[in-house]
Structures are given as C-alpha cells and as structure tokens.
Amino acid sequence: MNKEKTRWCYGCNETKPLDHEHFAWADKEHTKFRNKCRKCTNWDSKISHRIHRKRK
C-alpha cells in the first residue's frame, strides 16, 4: 500500500489522514487515492445518488 500517512487535499488546502474515510480510490485496482478528499469531490453524494437511481 502507499507509504504516505497523510495527504494534502487540492480542494480545501488541508492535510488529512490517507484512509478510506477521507479519500476515495482513483483506480479500479485500488492502488492509489484521489488528490481531493471525499468532501471536496462530493464523492459520497455521487455514490448515494447512483445507488438511488439503480433502485428505481
């Protein structure tokens, strides 16, 4: 896995822990994280929207 313990977010200009709670995966193989945190990319909202659309 990545050697980094924290990562700087390009969106909010903050350094956050590098884990699934703060950052999403950038690729299918799960080898690298995105450069913006989940809050700045609105990641959780996008995923819940996709799940909601599939259920209809």
(request) Could you tell me which residues satisfy salt bridge (charged side-chain N to carboxylate O under 4.0 Å, His left out) with R34, sequence neighbours excluded, listed by chain and number? (result) none
(request) Go through the structure and list residues passing side-chain hydrogen bond (donor to acceptor under 3.5 Å, both in side chains) with N42, not counting sequence neighbours. (result) none
(message) With a sphere of 6.0 Å drawn around NZ of K16, does it hold more than 12 non-hydrogen atoms of other residues, nucleotides or ligands?
(response) yes
(message) I want to know whether F33 and H22 have ring centres closer than 6.0 Å.
(response) no
(request) Only counting residues at least two apart or in another chain, list the ones meeting side-chain contact (heavy atoms from CB on, under 4.5 Å) with D27. (result) E29, T31, K32
(request) Would you mind reporting whether T15 and T6 have side-chain heavy atoms less than 4.5 Å apart? (result) yes
(request) For the pair R38 (side chain) and H20 (backbone), establish whether a donor and an acceptor sit closer than 3.5 Å, ignoring hydrogens and angles. (result) yes
(message) Using 0.5 Å steps for rounding, measure from the SG atom of C37 to the CZ atom of R7.
(response) 11.5 Å
(request) May I ask you to check whether W8 and N35 show a side-chain donor-acceptor distance below 3.5 Å? (result) no
